[in-house]
2 protein chains.
Amino acid sequence: MSSALDFMLAARRSEMQGLQALSLTCALVTEVSRLVHALQRERGYSNFCLGGEADSHRESLDALSEAAAEQEIVVRRAFEQIHPESSVGADKARLFTRIAYVLHSLDGLPRLRERVRAESLSAAEATRLFSRQIAGLLAVVFDAADTAVDPRVTRALVALFNFMQGKELAGQERATGVAGFMAGYFDPAVQGKLRFLQDGQARCFESFQQAADAPSLALWQTLCADELLEQIARLRQMAERTSTEQRVQGSLGDVWFELTTQRIDAMKQIEDQLAVHLQKLCAEKIAQAQADLDNQRRLMRQLDKLDHGSADPAVKLYNVQATDFQSLPSEAPGGQVNGSLLDLLHEQTARLQQLQDELEDARQTLNERKVIERAKGLLMKQHGLNEQDAYRALQNAAMERNQRLAEVARTVLSYNDMLKGTSSTAG
Amino acid sequence: MSSALDFMLAARRSEMQGLQALSLTCALVTEVSRLVHALQRERGYSNFCLGGEADSHRESLDALSEAAAEQEIVVRRAFEQIHPESSVGADKARLFTRIAYVLHSLDGLPRLRERVRAESLSAAEATRLFSRQIAGLLAVVFDAADTAVDPRVTRALVALFNFMQGKELAGQERATGVAGFMAGYFDPAVQGKLRFLQDGQARCFESFQQAADAPSLALWQTLCADELLEQIARLRQMAERTSTEQRVQGSLGDVWFELTTQRIDAMKQIEDQLAVHLQKLCAEKIAQAQADLDNQRRLMRQLDKLDHGSADPAVKLYNVQATDFQSLPSEAPGGQVNGSLLDLLHEQTARLQQLQDELEDARQTLNERKVIERAKGLLMKQHGLNEQDAYRALQNAAMERNQRLAEVARTVLSYNDMLKGTSSTAG
């Protein structure tokens with residue numbers, strides 16, 4: 001039967017497999033971020049074409065569509081790498097379903113492009129369809145971050161996911177702003193949407209900053225210090241003051257587009273830096289794990305020769321409450337001591353525990369995000385609110401109670417569970 | 001290249017694999033619970049023998065040791081079922097390491113038994129060594145609950161884990177009480193330990209009640225209504241009032257042992273019921289998943305024939321904030337609609353999301369437990385407290401602030417992260 005050594009080595013192999021899978025995931029995420037960027041650009045130019053400027057933008061649009069289609073092939077190949085047949089594991093159900101969604105909607109892109117060129121749909125509709133596609137791709141990145149097994153890689157994925165999402169919201173703000181400025185005014189609903197998109201960006205970029213590597217952060221700080229942001233802020237304020245009575249010149253649309261596009265292009269550089277950092281981290285982790293595994297194999301072969309006779313359960317595996325009063329004795333009472341094997345087990349347990357703790361810290365943003373999304377969904381369903389109003393309700397409650405958004409969301413969910421608890425039976 | 005259908009089916013297969021692994025885990029957990037019980041009994045009788053009553057208990061002890069050794073073989077076989085070589089997956093590192101620990105300390109049992117019979121160690125030391133062994137086995141159960149992929153099975157595992165741990169604390173209370181009553185008094189440190197063990201039981205059994213199936217709950221309520229508990233409560237109060245000046249008769253030790261043993265035996269029945277429920281749930285889940293998978297395969301073969309041409313990204317995969325203003329249009333704009341595939345994807349996503357939400361609810365107790373353990377460990381390390389005092393510090397803070405223990409623990413950890421954040425650089 002298998003010995004303690006067998007299981008110990010197997011644990012290391014399992015870690016190794018996790019890191020290798022992670023490496024594929026990181027490569028995939030990098031390609032997905034490129035496809036998202038390509039689709040964001042294609043969406044922008046599709047809007048111009050559908051907004052009556054087809055002639056002057058048609059050529060650019062064709063080039064962008066082609067670039068997106070090429071990147072799509074790269075992403076499909078990356079999906080193939082984590083092919084369902086070759087990958088085993090119980091935790092892939094969500095990722096696979098999300099990929100199925102993405103593949104299904106990618107299949108619809110050629111038709112969407114035809115309709116854009118035939119001008120058989122509105123700019124708003126085209127925006128919506130491209131945005132859905134992008135949302136699907138972002139969901140894959142979220143899932144990758146959520147299932148990563150290494151804390152530092154998870155942090156890098158969290159930074160990238162939040163940045164990509166912030167950039168996507170910036171892209172949506174750009175589109176909404178262009179439409180409003182071109183029309184000369186923003187009605188209250190659209191003003192609310194703009195605020196919502198701005199708040200969302202702030203939240204995403206805050207999470208990004210908490211998790212980002214130093215070079216990406218430095219780039220971000222340079223961008224934040226740029227006077228570009230002041231100019232955008234002035235236009236945002238201007239949009240707030242417009243109404244059907246208070247209009248502005250339509251040409252501000254071009255100014256707005258120009259400024260926000262500069263900002264988004266600068267974001268792209270940061271996104272690339274985040275992806276570079278991610279790949280580098282993955283490579284380092286795998287090299288290190290491989291070296292550890294080789295070391296341990298050697299060590300274990302030696303141990304295997306020594307390991308005859310002694311063994312003692314005086315090992316703190318798991319802190320069962322009240323098992324211990326005294327601190328752990330480092331000597332093992334009774335007879336010979338198989339120190340080295342115990343040391344190895346100790347070390348491995350401590351290391352895994354620390355990894356787990358760090359992983360949970362790294363995932364905190366993701367978990368809070370899930371909690372907020374769930375609470376929002378609940379409010380939408382129970383009170384018939386739209387997404388924006390549900391979010392606003394949570395935000396107001398957080399301000400009133402001087403609590404963090406995630407705490408308020410947790411309260412909403414617990415309260416709901418409590419109500420459910422009273423109306424249903426246990427078991 | 002793989003299609004959306006391929007990945008969708010793969011997602012179902014992945015779920016199926018998860019459930020099959022779960023079935024092995026549940027079988028393992030059941031056997032582990034039996035071994036824990038056997039070791040608890042052996043520990044009790046070892047104490048009697050080492051307490052100077054070797055002659056009258058030696059025979060019983062031998063029988064109990066033999067029973068435990070037999071059950072050990074069963075557990076080792078169950079470990080073999082989830083053999084490292086045959087099991088792939090990145091998430092096994094912790095479980096394998098814990099099993100390695102258990103195997104290593106099981107190897108030390110024969111020596112421990114020899115020492116008990118040679119009376120070459122104290123009762124306290126023997127208790128400590130047996131308790132370590134049991135703590136290792138409980139850690140395997142905790143890990144099984146923590147990595148289970150189905151919410152109802154997770155709930156059943158959470159109920160079982162908490163119950164086993166409560167029972168183990170009851171066993172430790174029994175041993176502590178026997179020693180104290182036999183000595184005729186309890187000093188303040190031991191009284192503190194008793195309170196700690198009693199609080200721990202209360203917490204475990206509360207968590208058990210939140211997650212347990214109806215028949216187990218009914219058995220538990222019967223036990224709680226039994227006058228046995230009142231008698232034990234009176235002895236607990238009596239122990240609180242003793243001191244070196246205020247002694248009681250040593251024969252109370254026998255009374256205490258008798259009563260607490262009756263209670264623990266009744267607990268064993270509940271534990272068995274919990275295990276039966278767990279096995280039944282697992283079997284049901286697998287049968288159901290298999291039927292679902294067969295259904296879906298059939299459905300997909302039909303879809304595969306239909307699926308030519310249309311596809312549209314108008315699907316809400318993931319709630320990217322601000323993607324949507326309007327609610328989801330159920331019609332897919334533009335051309336033909338491949339309704340059935342979208343419906344399937346929708347359904348699968350919704351189902352997985354719900355599973356995930358339920359799973360997170362079911363794991364809440366486990367997560368809170370981890371948070372509390374981490375906070376306790378931090379206090380022990382930073383303030384040089386022992387486990388009991390660290391727990392008491394958390395408990396006092398919770399009472400003062402009128403917060404739940406887990407909330408206080410979360411605050412301790414965030415505060416620590418904050419401090420770390422100020423002294424180290426990002427990245």
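Below, read A as the first sequence line, B as the second, and so on, with proteins coming before strands; counting in each chain starts at 1. All values reported here derive from a predicted model rather than from experimental measurement. These values consider heavy atoms only, across backbone and side chains, with no hydrogens, waters or symmetry-generated copies.
With rounding to the nearest 0.5 angstrom, the CZ atom of B:Arg410 is 5.0 Å from the CZ atom of A:Arg410. Interatomic distance, B:Leu9 CG to A:Phe96 CZ, rounded to the nearest 0.5 Å: 11.0 Å.
Listed options A:Leu22, A:Ile99, A:Asp389 were ranked by heavy-atom pairs under 4.5 angstrom with chain B; first place goes to A:Ile99.
Contact of A:Arg374 with chain B is made through the side chain alone, with heavy-atom distances under 4.5 Å. Looking at B:Arg77, the atoms closer than 4.5 Å to chain A (heavy atoms on both sides) sit in the backbone and in the side chain alike.
Contact detail for A:Phe7 and B:Phe79: the closest heavy-atom pair is CZ-O, 3.6 Å. Contact record, A:Leu103 with B:Ala4: CD1-N, 3.8 Å, taken as the closest heavy-atom pair. Across all non-hydrogen atoms, the minimal contact from A:Ala11 to B:Ala93 is CB-O, 3.4 Å.
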